[in-house]
Number of protein chains: 2
Amino acid sequence: MPRAGLDPATVVAAGAALADEAGLPGVTMGLLAQRLGVRTPSLYKHVDGMDDLVRRIAALALAEAGDAVGLAVRGRAGRDALAAAAHAFRAFVLAHPGRYAATVGQEPTGPDDPLAVGAGRLLEAFRSVLRGYDVPEADTDHALRMLRSLCHGFATLESAHGFRWSADVDESFEWLIDFTDHGLRSM
Amino acid sequence: MPRAGLDPATVVAAGAALADEAGLPGVTMGLLAQRLGVRTPSLYKHVDGMDDLVRRIAALALAEAGDAVGLAVRGRAGRDALAAAAHAFRAFVLAHPGRYAATVGQEPTGPDDPLAVGAGRLLEAFRSVLRGYDVPEADTDHALRMLRSLCHGFATLESAHGFRWSADVDESFEWLIDFTDHGLRSM
DNA sequence: TCCTTGTGGCTAATGACGTTAGCTCAAAGC
DNA sequence: GCTTTGAGCTAACGTCATTAGCCACAAGGA
């Protein structure tokens, strides 16, 4: 019985990869164990059941998305920063639909919850985009929610094949960035 | 063994109600059967398994949402129509989160699929909102996708308790309608 | 009124999945 | 080398979706 050398991080990473390939409902303890060359119950030594697993996948996804958007925004401002952030976010969701799906409906337990810090970093990246515009202090929360709704909605719908009819999706996304940029600039 | 007098419509309606109360993952054949005063396998006489059930729930949700938004928009134009449509949509999703959740990721099989006609009606309602603005013909598809992303994203995030921090959510929604109205008006 | 037939509902059984209990032996520390 | 810890295993259970096959009720024709 040679040890497989697993640890929580490995299990979560494999789970996230599986989620991206098979969809979040497709990640099953049996399949995940099989991928890791181990029997199903062994996973419970590293992860506290299914709920805990998707929670950790969600935390990983938020951290990665926060990094990606934060990096994209660095050194840019105005429309440039907005476009970079939006593209980075969309690219992440399209490349990792399962991971990202794990994040919806997760409630952090406290401010130290990895889920909360990941979400905070992502939020901070978008907030820095707004700093490149003359958005009144009282409006930033609203603007932030709009940005989030827009990015989340678009990327989610696209990754679920929600845009079926004719027009080019990339073009729509560009249009949407322009629209938002104009709106934010005229405040 | 007195007959229960079920039919597909009754089963789907009960399933939709259950989804709203218990969440989409909470709708289980056993629970649904119990609610209808029947044993689990009996449901298969009316519905072709779980997938078919949520598909029908999704079709019902889209038809209802299309009706709600279509009715709200009737006789209005411009900002009035936009606000009415957005509010009607958000209210529907918040009142029926489970039903609505059933719609994401459903692909219609053809143009006669109830799923497609429901989605079409909803789409048409939003398209009529755009007719109240001077949106160039070439831009309507993009604008439509933006409206959809915004409404879908906002309502979805809100119903998943995605807006945790301070600012008032109703206020944010008003702000978002204003933002969109201004943007659409200056085209 | 009786027989026939279609069908809605039932019981029983199967297979996938998540989860727990309890064992065992490999690896790490002394 | 000996002890101790814990990673991984087998066995088992409960829940859920689904199928097979039976049975009785309702409707229609003789």
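Owing to the predicted nature of the structure, the values given are computational and were not obtained by experimental measurement. Chain identifiers are assigned alphabetically (A, B, ...) following the order of the sequence lines, protein sequences preceding nucleic acid strands; residue numbering begins at 1 within each chain.
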| query | Do A/K45 and D/dG8 share a donor-acceptor pair, side chain to base, under 3.5 Å? | reply |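 By the distance-only test, yes, there is a pair.
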In whole angstrom, what separates [X]'s [atom1] from [N]'s [atom2]?
{"X": "B/L6", "N": "C/dT7", "atom1": "CG", "atom2": "C1'", "value": "13 Å"}
{"X": "A/R39", "N": "C/dT19", "atom1": "CZ", "atom2": "P", "value": "19 Å"}
{"X": "A/L43", "N": "C/dC17", "atom1": "CG", "atom2": "C1'", "value": "13 Å"}
{"X": "B/L31", "N": "D/dC16", "atom1": "CG", "atom2": "P", "value": "8 Å"}
{"X": "B/M50", "N": "D/dC16", "atom1": "CE", "atom2": "P", "value": "11 Å"}
{"X": "B/D51", "N": "D/dT18", "atom1": "CG", "atom2": "P", "value": "7 Å"}
{"X": "A/L53", "N": "C/dG18", "atom1": "CG", "atom2": "P", "value": "10 Å"}
{"X": "A/D48", "N": "C/dG18", "atom1": "CG", "atom2": "P", "value": "15 Å"}

| Angle class for the A/F126/A/F89 ring planes (parallel below 30°, perpendicular above 60°, tilted otherwise)? |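 Perpendicular: the ring planes of A/F126 and A/F89 meet at over 60°.
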Any side-chain N or O of [X] under 4.0 Å from OP1/OP2 of [N]?
{"X": "B/S42", "N": "C/dG8", "answer": "no"}
{"X": "B/T40", "N": "D/dA17", "answer": "no"}
{"X": "B/H46", "N": "C/dT7", "answer": "no"}

| Closest to the A/M29 side chain: C/dG8, D/dT18, C/dT19? |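 The nucleotide sitting nearest to the side chain is C/dT19.
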| field | Pair B/F179 and A/H142, ring centroids less than 6.0 Å apart | value |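 B/F179 vs A/H142: aromatic centres not under 6.0 Å.
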| With ring centroids as reference points, do A/H96 and A/Y100 lie under 6.0 angstrom apart? |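 Ring centroids of A/H96 and A/Y100 are no less than 6.0 Å from each other.
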| task | Specify the residue among A/Y44 and B/P41 whose closest nucleotide of DNA chain C lies further upstream toward the 5′ end. | result |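 Closer to the 5' end of DNA chain C: B/P41.
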| message | Quick test of your reading of the model: are B/E124 and B/R127 salt-bridged, counting only N-O distances below 4.0 Å? | response |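 Salt bridge present between B/E124 and B/R127.
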| field | For B/A16 against B/L60, the heavy-atom pair lying closest together | value |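 Scanning both residues completely, I find the closest heavy atoms to be CB-CD2, 3.9 Å.
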